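Contents: one structure, followed by commentary.
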Amino acid sequence: MDDLYREIIIERNRSPLYKGTLEPHDITFEDENPLCGDVIRIDLRIDENDKVTEALFSGHGCAISQASADLLVESIIGKGVDEIKALTKADILDLLGIELGAVRLKCALLSLKVLKAGIYGLNEASDSLVEDA
Amino acid sequence: MDDLYREIIIERNRSPLYKGTLEPHDITFEDENPLCGDVIRIDLRIDENDKVTEALFSGHGCAISQASADLLVESIIGKGVDEIKALTKADILDLLGIELGAVRLKCALLSLKVLKAGIYGLNEASDSLVEDA
Amino acid sequence: MGITISNNPQRQDFPILSRKISDNVSLVYLDSAATSQKPNQVISAMDAYYRNNNANIHRGIHVLAEEATAEYERAREKIANFIGVKNVKQIVFTKNTTESINLVAYSWGRKNLKTSDHIILTEMEHHSNLVPWYILAEELGFQIDFVPFDREGMLDIDQYQRLLENKPKLVAFTHMSNVFGTINPVGEMVKLAHAAGAVALVDGAQSIPHFPVNVSELNIDFLAFSGHKMCGPTGIGVLYGKIELLDSMPPFLGGGDMIKKVRLGSFKPNEVPYKFEAGTPPIAEVIGLGAAVDYLETIGMKNVFRHEQELTAYGFDGLSKIQGVSVIGPAVDKRGGVLSFVMEGVHPHDVSQVLDQDGVAVRAGHHCAMPLHEKLGIPASTRASLYLYNDKSDLDKLFFAVERVKSIFG
Amino acid sequence: MGITISNNPQRQDFPILSRKISDNVSLVYLDSAATSQKPNQVISAMDAYYRNNNANIHRGIHVLAEEATAEYERAREKIANFIGVKNVKQIVFTKNTTESINLVAYSWGRKNLKTSDHIILTEMEHHSNLVPWYILAEELGFQIDFVPFDREGMLDIDQYQRLLENKPKLVAFTHMSNVFGTINPVGEMVKLAHAAGAVALVDGAQSIPHFPVNVSELNIDFLAFSGHKMCGPTGIGVLYGKIELLDSMPPFLGGGDMIKKVRLGSFKPNEVPYKFEAGTPPIAEVIGLGAAVDYLETIGMKNVFRHEQELTAYGFDGLSKIQGVSVIGPAVDKRGGVLSFVMEGVHPHDVSQVLDQDGVAVRAGHHCAMPLHEKLGIPASTRASLYLYNDKSDLDKLFFAVERVKSIFG
Ligand SMILES: Cc1ncc(COP(=O)(O)O)c(C=O)c1O
Ligand SMILES: Cc1ncc(COP(=O)(O)O)c(C=O)c1O
């Protein structure tokens, strides 16, 4: 088996567990990586304690972007908004279990960028949301 | 003695034989080499057979430009206009008796450029007047 | 020269080609449309320049400055000669194709284009031949018309002729598409442009490196290309322009060397090409490009082209046979050595990543041609591109790696 | 580091310095203000790049492209760090100082300057910091005021302050004069500019190579410099700009890499610094400049400066002692390693030519500063300029050769 395409990436790309949209939702955000055409949208429902109760992603793109979105969404259900704000590049790479070059990193981080832009209520997602401090 | 600064160049730079202006004149032209500030003006008197009867140069600049002007002016007295039109870079280098790099060549050729522009009655002297065909 | 698709003696000139990507994996370089590799001859020409002759040019009266100037100007002659240009003053050095096109846009364009004007581009242009005109159109308000391409990736020449009825001032198009590989009928298109009263700019970034181009015969008005795609260094580009156009254009960048005279508050521009070469130029890079031209001429551009044609046919065939793979663009007889393809159900980024693990370097993305991809309805494609140092074995490894992609994502 | 004026171990790093100019004549390179020589460390960094890692950057998903991108961006960090800049996005790569200044003129200038505005330049500027503003002033009609220099070649700061009362939008001046060697009081001048509401652009072509400069402490808004004058290759320049300025500026050159998105007829620019890096950048040259910065930091810029100060004093003294020779510009404590001089009765071209026969490479002419020479009432001067690899023996040979000029023309 290929190091970069671990079973879980192939699997979650082919059959994502958290794909879809939520209507109504409390938060939704969509962005794309124009370089490769990856598009990710994430919808969230959030309870009165600022915890994520439900989450789904939609969109299309490469295996890395799709699998990372699926794994990220899975990981945040039940988490508080503050915990989500604290998520970093390293957390995504942990979920994927691989290392990535600069270009692919953008694919992997698109979902986190979208998630954070949504949580922070921004108009536009910026790379600085997922950059190392 | 130095190859580039042959006795004749030093001598003609220090004590030119054909320096001055002609009033009246049939032809006069002045140009400069802005790169180094060399300025050369040449005045000519021409008879009814299109022969140069008198010629003088004026101006200032480096030894190469001044000596070549003095030697050139000397060489054209008594020559016909057509002969002057036929003068080339090689003729100037012959007069000076040296070889020159690209930058100094411009100094050496300034007087020929001025002379030809005058003879041809041009408004502006162009490098192409003294370029090899 | 003994360059054949299965035995390529030129390979040994390119040190990088013997590089290992990982323990048992050798480099298979199929990304020459992005940038070419460099032969020893070019690397050492620049090396020798820095070790023996380095000096600033044009104004120095010492041996190094004279040697550097002579080498620099000699390279200009070589390049002029390489593209069939007699008057070397028509060769302007820039940093890349992109700057060359921008130079024309800023200098010629701002002088000659007005609100009511039209210009023509094509749908298959690289961003470098789109964005400079968009920026200018925003400022000046002229209209841009696009020549469409058809299903095969060929320009619609009928539509081109109709657009020429708008009497455009400028027609700017690529000689060869960096995605489809389509080789456009430049001679015919220039002739039609001239008949309509337009000036013709050709983006030669993908043509000059790969086949013989005679600018004078094709009667091109402006031609832009880059050193780094033709065995030369980065940091050097060329703009060819007809002398009467260059002469009539205002300066672009202002600074040292592009002037005859400077006063407090005024200046007098120098003659072409110097008028457009402000500041210390990429001297070592110009000399490196001269060495690249020498190298290509030793092999012969006809041989380079023939070699690439054979490889392209082999690659087109091999890729097309793999189920789920579609090569985009025209048939092999209408294209140069660029093979872009899509794979059913696998994103180009994933394709390229798996290929990389086999040492096969290709490019995935929009290849700076987003409008082209948008029209095709795909966000990206995978592109294998060829050059004189490739051979059949490179393509065999590509086929093998593509099969592996299928098995992983299948 | 053990760098002294009579024993200079750095010399051996520069292969060209062991070159013979003719049979018995060694090279004495005193033309570093025009361009510096390059150490082995820089030449081989580029060599290694072409042999091992060459690829186009930013968009590639293969090992070479990732390595090349990483090296390119790593060099950006080194350069930022070298000039005291934290946010690396503020470092834009261009082809030379001249392009850097033109970028500011075309992008910032055209957006921010209007007919009724003033800008301030100085009488000692290099053409690169004059002509771009002349071109712009011709288009937009604003007024250019010049800070004069005095008999010593020092800027008249009182007059500068009076000119600031015009509330100029921009003040652009050189950090160090390439003719006088004058080191201008940048910190103070920037502070005064800001107090008057002006943006301050500093031409660092002659300062960044020769002494420590901390852009953040000096609070400079724009800084331009060239790689080739600081042990780096040709073909690479830098523009530093404060992030809020760069962010607010429209794109300059349009093309690949400077965009986020391109449609038919419209585009969205990329973030800085990429917004200003259109097309394939000078990749090997950026990496070479990174190696040059490493090299300079190993020696230490303070050491470089101290070394040059000592040599300058020695050279100033030695030249001034020769009858008929006048060094122009200020006293040694106010200048960097540039010694321009005139010789009674001998044109600088002739001086430089005779020096060349002794292997001594200096520059003769207006050094791209015609207005400065015009004010001095001389058409040209001869300039000896120093760098870290020079030592006393170089200057002794200069003195000897100048004496020989006298004997020939005396
Ligand atoms: C003070 C100054 N500014 C600008 C420049 C122009 O640098 P470049 O020719 O590398 O653009 C130079 C050097 O020639 C210089 O000395
Ligand atoms: C067709 C075409 N035009 C223009 C360019 C731009 O060339 P450069 O990036 O060297 O400016 C390229 C290559 O990237 C190209 O393929």
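Predicted, not measured: the structure shown is a model, and the values here were computed from it. Numbers restart at 1 for each chain; the letters A, B, ... are given by sequence-line order, proteins then strands.
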List the atom pairs, donor and acceptor, that lie under 3.5 Å between side-chain atoms in residues 255-262 of chain D and the rest of the protein, sequence neighbours left out.
{"residue": "Asp257(D)", "atom": "OD1", "partner": "Arg59(D)", "partner atom": "NH1", "Å": "2.3"}
{"residue": "Lys260(D)", "atom": "NZ", "partner": "Glu271(D)", "partner atom": "OE2", "Å": "3.4"}
{"residue": "Lys261(D)", "atom": "NZ", "partner": "Glu32(A)", "partner atom": "OE2", "Å": "2.2"}

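- Listed by sequence position, Ser128(C), Leu130(C), Val131(C), Pro132(C), Tyr134(C), Ile135(C) are the residues of residues 128-137 of chain C in contact with chain D, using a 4.5 angstrom heavy-atom cutoff.
- Annotation: side chain of Glu374(C) is in contact with side chain of Arg263(D) (closest heavy-atom distance under 4.5 Å).
- For the atom pair Ile43(D) CD1 and Ile43(C) CD1, the distance stands at 14.0 Å (nearest 0.5 Å).
- Not a single side-chain contact (heavy atoms from CB on, under 4.5 Å) links Glu138(C) to another residue, sequence neighbours left out.
- Proximity to chain C (any heavy atom under 4.5 Å) is shown, for His367(D), by neither the backbone nor the side chain.
- With a threshold of 4.5 angstrom between heavy atoms, Thr97(D) does not approach chain C through any atom at all.
- Counting heavy atoms from C-beta on, the side chains of Thr280(C) and Thr98(D) never come closer than 4.5 Å.
- Per-residue counts of heavy-atom pairs under 4.5 Å with chain C were compared for Gly265(D), Gly235(D), Pro15(D); the largest is that of Gly265(D).
- Using cut-offs of 30° and 60° for the angle between ring planes, the Tyr106(C) and Tyr106(D) rings count as perpendicular.
- Smallest separation of non-hydrogen atoms from Asn53(D) and Arg19(C): ND2-NH1, 3.4 Å.
- A distance of 10.5 Å separates NE2 of His62(D) from CG of Leu355(C), quoted to the nearest 0.5 Å.
- Side chain to side chain, Arg363(D) and Asn56(C) fail the donor-acceptor criterion of an N or O pair below 3.5 Å.
- Between chain C and the residues Arg110(D), Lys38(D), Met46(D), the largest count of heavy-atom pairs under 4.5 Å involves Arg110(D).
- The side-chain contact (heavy atoms from CB on, under 4.5 Å) test applied to Lys95(D) returns Lys95(C), Glu99(C), Leu253(C), Glu99(D), not counting sequence neighbours.
- Interface remark: Val286(D) contributes no atoms to any contact with chain C (heavy atom separation under 4.5 Å).
- Proximity of a side-chain donor or acceptor of Arg51(D) to a complementary backbone N or O of Ile16(C) within less than 3.5 Å is not detected.
- Contact annotation for Ser32(D): neither backbone nor side-chain heavy atoms come within less than 4.5 Å of a heavy atom of chain C.
- Per-residue counts of heavy-atom pairs under 4.5 Å with chain D were compared for Ser44(C), Ala65(C), Gly254(C); the largest is that of Gly254(C).
- Using a 4.5 Å cut-off between heavy atoms, Glu139(D) contacts chain C through its side chain alone, with no backbone atom that close.
- Within the 4.5 Å cutoff, no side-chain heavy atoms of Met370(D) are placed close to those of Leu264(C).
- At least one donor-acceptor pair under 3.5 Å links the side chain of Asp356(C) to the backbone N or O of Val63(D).
- Only the side chain of Phe146(C) comes within less than 4.5 Å of a heavy atom of chain D; its backbone N, CA, C and O stay farther away.
- Heavy-atom distances place no part of Ile287(D) under 4.5 Å from chain C, backbone and side chain included.
- A heavy-atom distance below 4.5 Å is found between the side chains of Tyr29(D) and Leu64(C).
- Interface summary for chain C: among Asn52(D), Ile144(D), Val362(D), the most heavy-atom pairs under 4.5 angstrom belong to Asn52(D).
- If you measure heavy-atom distances from Leu372(D) to chain C, you find no contacts under 4.5 Å at all.
- The shortest heavy-atom contact between Ala278(C) and Asn96(D) is O-ND2, 3.5 Å.
- Of the atoms belonging to Ser266(D), it is backbone heavy atoms, and not side-chain ones, that fall under 4.5 Å from chain C.
- Side-chain atoms of Asn54(D) and Thr35(C), non-hydrogen and from C-beta on, do get closer than 4.5 Å to each other.
- Contacts of Glu67(C) with chain D are made by side-chain atoms alone, with heavy-atom separations under 4.5 Å and no backbone atom involved.
- Under the 3.5 Å distance criterion, the side-chain polar atoms of Tyr50(D) are left unmatched by any main-chain donor or acceptor of Pro233(C).
- Note: Thr234(D) leads Val360(D), Val42(D), Thr234(D), Thr94(D) in heavy-atom pairs under 4.5 Å with chain C.
- Heavy-atom distances place the side chain of Leu27(C), and not its backbone, under 4.5 Å from chain D.
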